[in-house]
Novice: 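Let me begin by handing over the structure; questions about it come next.
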Amino acid sequence: MGVAGWTLNVGFPAFGATLNFSREKGRVSAISPTDGRQVPIDGLAGKTTTIEWRGTTRGSVFEPYAAIIRVLVLDARQRQEMIEQGSPPPSARRAQILMVTRLGREGSCVVAYVDAQANPAPNDLARAAADTAAKAGPCPVEQVEIRGVETPVLSGYIR
């Protein structure tokens, strides 16, 4: 169980990973934009999953409004090759992406992506996105943002 009753659930189907947040009594929603601008997740970065929770404290109670998770994303062309051939190419290039997710009673959704390797201060960019875009309103968002340098890995999926 995570912060304030939130839990990140991770699944690994045939290709990629699926993530969703649940809160105490069941699934809230999958972490994916409903507008088709989703970056397919190839896996989690690192042996353990670190989630940075962003939120407010009222009295002694912390209530998160966003979560930042580091994930791995395969280049779009190589992902298509992996699907066609059944396994990733030997020289697969995976980017580390910070995925900023809005959390709320109405569900959760991705609001921004930051390429963690292409930006000099990726955590700061992700925190700024969490503190602005994630607080802006209910899910789904109209457009998922790319914060910082827009790399080919991200623009291959989003634009």
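Just so it is clear, the model here is predicted, and its values are computed rather than measured. For the numbers below, each heavy atom of this structure counts, side chains included, while hydrogens, waters and symmetry mates do not.
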Novice: Report the residues that fulfil side chain to side chain contact (heavy atoms under 4.5 Å, CB included) with A126, sequence neighbours left out, ordered by chain and then residue number.
Specialist: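 For A126 the side chain to side chain contact (heavy atoms under 4.5 Å, CB included) partners, ignoring immediate neighbours, are I68, L98, V100, V114.
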Novice: Could you pull out the closest heavy-atom pair between V110 and V144, with the gap in Å?
Specialist: O-CG2, 3.7 Å
Novice: How far does OG1 of T151 sit from CD1 of I97, to the nearest 0.5 angstrom?
Specialist: 5.5 Å
Novice: Return the minimal non-hydrogen interatomic distance between A116 and P122, and the atom names on each side.
Specialist: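 Heavy-atom minimum between the residues: O-CG, 3.5 Å.
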Novice: Looking only at heavy atoms, which two atoms of L125 and G148 are closest? And how far apart?
Specialist: CD1-CA, 3.8 Å
Novice: If every non-hydrogen atom of R147 is compared with every non-hydrogen atom of A129, which pair is closest and at what distance?
Specialist: NH1-N, 3.4 Å
Novice: side-chain hydrogen bond (donor to acceptor under 3.5 Å, both in side chains) with N123: which residues, sequence neighbours excluded?
Specialist: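 N123: no side-chain hydrogen bond (donor to acceptor under 3.5 Å, both in side chains) contacts found.
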Novice: Say whether I69 and Y65 are linked into one hydrophobic cluster, either directly or through other cluster members, by side-chain heavy-atom distances under 4.5 angstrom.
Specialist: no
Novice: So which atom in P64 and which in W53 form the shortest heavy-atom distance, rounded to 0.1 Å?
Specialist: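 For P64 and W53, the tightest heavy-atom pair comes out as CB-CE3, 4.0 Å.
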Novice: Nearest 0.5 Å please: distance from the CD atom of E145 over to the OG1 atom of T132.
Specialist: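 These two atoms lie 6.0 Å from each other.
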Novice: What are the two closest heavy atoms between M99 and Y113, and how far apart are they?
Specialist: CG-CE2, 3.8 Å
Novice: Using atom types as modelled and distance alone, determine if a side-chain donor or acceptor of Q96 lies under 3.5 Å from a backbone N or O of Q117.
Specialist: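 No.
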Novice: Between CG of L72 and CZ of R70, what distance do you get to the nearest 0.5 Å?
Specialist: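 Output value for this atom pair is 9.5 Å.
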